[in-house]
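No hydrogens, no waters, no symmetry mates; every other heavy atom, side chains included, goes into these values. This one's a predicted model, so the numbers in the text were calculated from it and none came from an experiment. Numbers restart at 1 for each chain; the letters A, B, ... are given by sequence-line order, proteins then strands.
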Amino acid sequence: MIKNNFSKNVLDVVKNIPKGSVLSYKEVAERAGNKKGARAVGAVLAKNYNKEIPCHRVIRSDGQLGGYNRGVGLKKKILKEEGYL
DNA sequence: CCCCTGACACTTA
DNA sequence: ATAAGTGCCAGGG
């Protein structure tokens, strides 16, 4: 799956997100190398099922949760547990 | 290489 | 504030 490009970068950035903090897809895209790759970030995360990746800490730039591969409800619950909500 | 899909962002009405 | 349209990028067939 991962080779060594934008995808890996995205996963690395998301993995590095500290507990209680959240980054928007746009922010992650910028850190991953593609400032306009917000959509690509979502596509990568959607295909990535790594439990090591706190993809629940990635939300939309509008402040909305966006989506989650395990269910938006779980994402919302996790964010609440971490204190973001 | 072309076409379609997707956890997005931004502008205009 | 909400809706619709446009632009952006990566992955898969």
Interatomic spacing from CG in A/N48 to CG in A/L11 - rounded to 0.5 Å: 4.5 Å
Using atom CG of A/N48 as one end and atom P of C/dG12 as the other, report the distance to the nearest whole Å. 12 Å
Nucleotide B/dC8, atom C1' - distance to CD of A/E30 in whole Å: 13 Å
Let me confirm one number: the CG-OG distance from A/L23 to A/S61, rounded to the nearest 0.5 Å. 12.5 Å
Whole angstroms only, please: what is the CZ-C1' distance between A/F6 and B/dC8? 11 Å
Nearest-Å distance for atom pair CD/P, residues A/E27 and C/dC8: 20 Å
Counting just side-chain N and O atoms, does A/N34 come under 4.0 Å of either OP1 or OP2 of C/dA10? yes
Taking the side chain of A/K36 as heavy atoms from C-beta outward, which of C/dC8, C/dA10, B/dA7 is closest to it? C/dC8
A/E82: what forms a side-chain hydrogen bond (donor to acceptor under 3.5 Å, both in side chains) with it, not counting sequence neighbours? A/H56, A/R57
Rounded distance (nearest 0.5 Å) linking atom OG of A/S7 with atom CG of A/D12: 12.5 Å
Rounded to whole angstroms, how far apart are CG on A/L11 and P on C/dA10? 14 Å
Interface residues of residues 67-75 of chain A with DNA chain B (non-hydrogen, below 4.0 angstrom): A/G67, A/N69
Measure the distance from CG on A/L79 to C1' on B/dA7 and round it to the nearest whole Å. 13 Å
Test of understanding: with side chain to side chain contact (heavy atoms under 4.5 Å, CB included), list the residues that count as partners of A/R39, not counting sequence neighbours. none
CG of A/L79 to CG of A/L74: how many Å apart, nearest 0.5 Å? 9.5 Å
Would you list the protein and nucleotides 9-13 of chain B atom pairs, both N or O, that sit under 3.5 Å from each other?
residue: B/dA9; atom: OP1; partner: A/S61; partner atom: N; Å: 2.7
residue: B/dA9; atom: OP1; partner: A/S61; partner atom: OG; Å: 3.0
residue: B/dA9; atom: OP2; partner: A/R60; partner atom: NE; Å: 3.3
residue: B/dA9; atom: OP2; partner: A/S61; partner atom: N; Å: 3.3

Euclidean distance, atom CG of residue A/N5 to atom C1' of C/dA10 [Å, nearest integer]: 9 Å
When rounded to the nearest 0.5 angstrom, what is the spacing between CG in A/N9 and CG in A/N34? 9.0 Å
Taking atom P of C/dA10 as reference, at what distance in whole Å does atom NZ of A/K8 sit? 17 Å
Tell me, which pairs form a side chain to side chain donor-acceptor pair (under 3.5 Å) where one or both residues lie in residues 63-81 of chain A, sequence neighbours left out? none
For A/R31, the side-chain hydrogen bond (donor to acceptor under 3.5 Å, both in side chains) test, sequence neighbours excluded, returns A/E27
Using a cut-off of 4.0 Å on non-hydrogen atoms, how would the nucleic acid contact of A/K35 be classed: base, sugar-phosphate, or nothing? nothing
